[in-house]
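Structure first, commentary second.
Whatever order the structure lists ligands and atoms in, that order sets their numbers, starting from 1.
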Amino acid sequence: MIKLKVEHLGKTFSRGDDTRVVLGDISFEVEDRQFVSILGPSGCGKTTLLSILAGFQDATSGNILLGNRKVSRPGPDRGFVFQNYALFPWMTVKENVMFPMKQQNVPREERERTAARLLNMAQLDGKENFFPKELSGGMKQRTAFIRALAGRPEILLMDEPMGAVDFQMRQKLQEELESLWLKEQITVIMVTHDVDEAVYLSDRVIVLSSKQGRILDDVFIDLPRPRDREAEAYEKHKTRLNSLLRKAFKEI
Ligand SMILES: Nc1ncnc2c1ncn2[C@@H]1O[C@H](COP(=O)(O)OP(=O)(O)OP(=O)(O)O)[C@@H](O)[C@H]1O
Ligand SMILES: [Mg+2]
């Protein structure tokens, strides 16, 4: 089943007489429960694309369909996880997780039940009353992830959710993110510029080129999960994506 359709999406920014095409003519479809990464060089329009999908910005041309509905503004059907976790620092872990449900007027009992389930799933039992500054990077990231899930979105949009953590921690978080995703079976679109992260997590990687923001390639990663980073097939996918990224850079 197709969950998301992006049809001939274009985005142009103007500054005085200067107009710049950031997204040229982007079309792709995402299947329900697919994990898709958007990979590309810095400045190629990844965040712009994600924020248009989120409804935070308007496209200059084209359409986005989620299910059969046209996306034009933010909505609870989409959840977000941004780079620096974006947790509310004045709320505890549990209050952060409850927040999207409160906004949707979910009854208190159900809110409590869902929060308890998600906190347990993300191994945050005992941390319910901690504030974000009292958490490790991994705990913050897991809180941000389950907070996004608490709003019961149809699709989760993530912009470099692991951008701020070191290499070792990043691998651990990727494993945790994968296991949470496998449990929730939700459609995910994740922006990254880390090839290893894209191969570890994605069913499919859409590579964007800088030149007029077009899709350079759409690569399926058909490796069994959890993935073995040492496997030859894993390396092969990385090599292919690295060479595509080099090509994407050259097109600047
Ligand atoms: N509001 C805006 N007004 C004008 N130009 C913008 C605006 N937002 C983004 N841009 C330009 O669009 C281009 C793409 O920006 P975007 O943030 O989408 O890149 P990105 O692929 O997410 O990069 P990075 O990997 O560094 O996060 C950049 O050249 C940027 O300067
Ligand atoms: Mg960005």
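Close approach of ligand 1 to Val22 (heavy-atom distance below 4.0 Å) involves ligand atoms 12 (O), 13 (C), 14 (C). Atom numbering of ligand 1 starts at 1 in the shown order; those under 4.0 Å from a heavy atom of His193 are 25 (O).
In this structure, Arg229 forms a cation-pi arrangement with Tyr200, its terminal cationic atom sitting closer than 6.0 Å to the ring centre and no more than 45° off the ring axis. Figure legend: Lys102 and Phe99 shown without cation-pi pairing, the cationic atom not lying both under 6.0 angstrom from the six-membered ring centre and within 45 degrees of its axis.
Between Glu175 and Arg170 there is no salt bridge, since no side-chain N of the basic residue sits under 4.0 Å from a carboxylate O of the acidic one. In summary, Glu235 and Arg227 do not engage in a salt bridge, as defined by a charged side-chain N under 4.0 Å from a carboxylate O.
Here Thr48 fails the criterion, with no N, O or S atom under 2.8 Å of the Mg ion (ligand 2).
The closest approach between any non-hydrogen atom of Arg15 and ligand 1 is not below 4.0 Å. The shortest separation from a heavy atom of Gly43 to ligand 1 is under 4.0 Å, placing the residue in contact.
Between Thr47, Leu23, Asp18, it is Thr47 that holds the heavy atom closest to atom 22 (O) of ligand 1.
In this pair, Phe56 and Phe80 present their aromatic rings tilted. The plane angle is within the 30 to 60° band.
An N or O contact shorter than 3.5 Å is missing between Phe13 and ligand 1 by distance.
Under the 4.5 Å side-chain contact rule for hydrophobic residues, Trp181 and Leu223 share a cluster.
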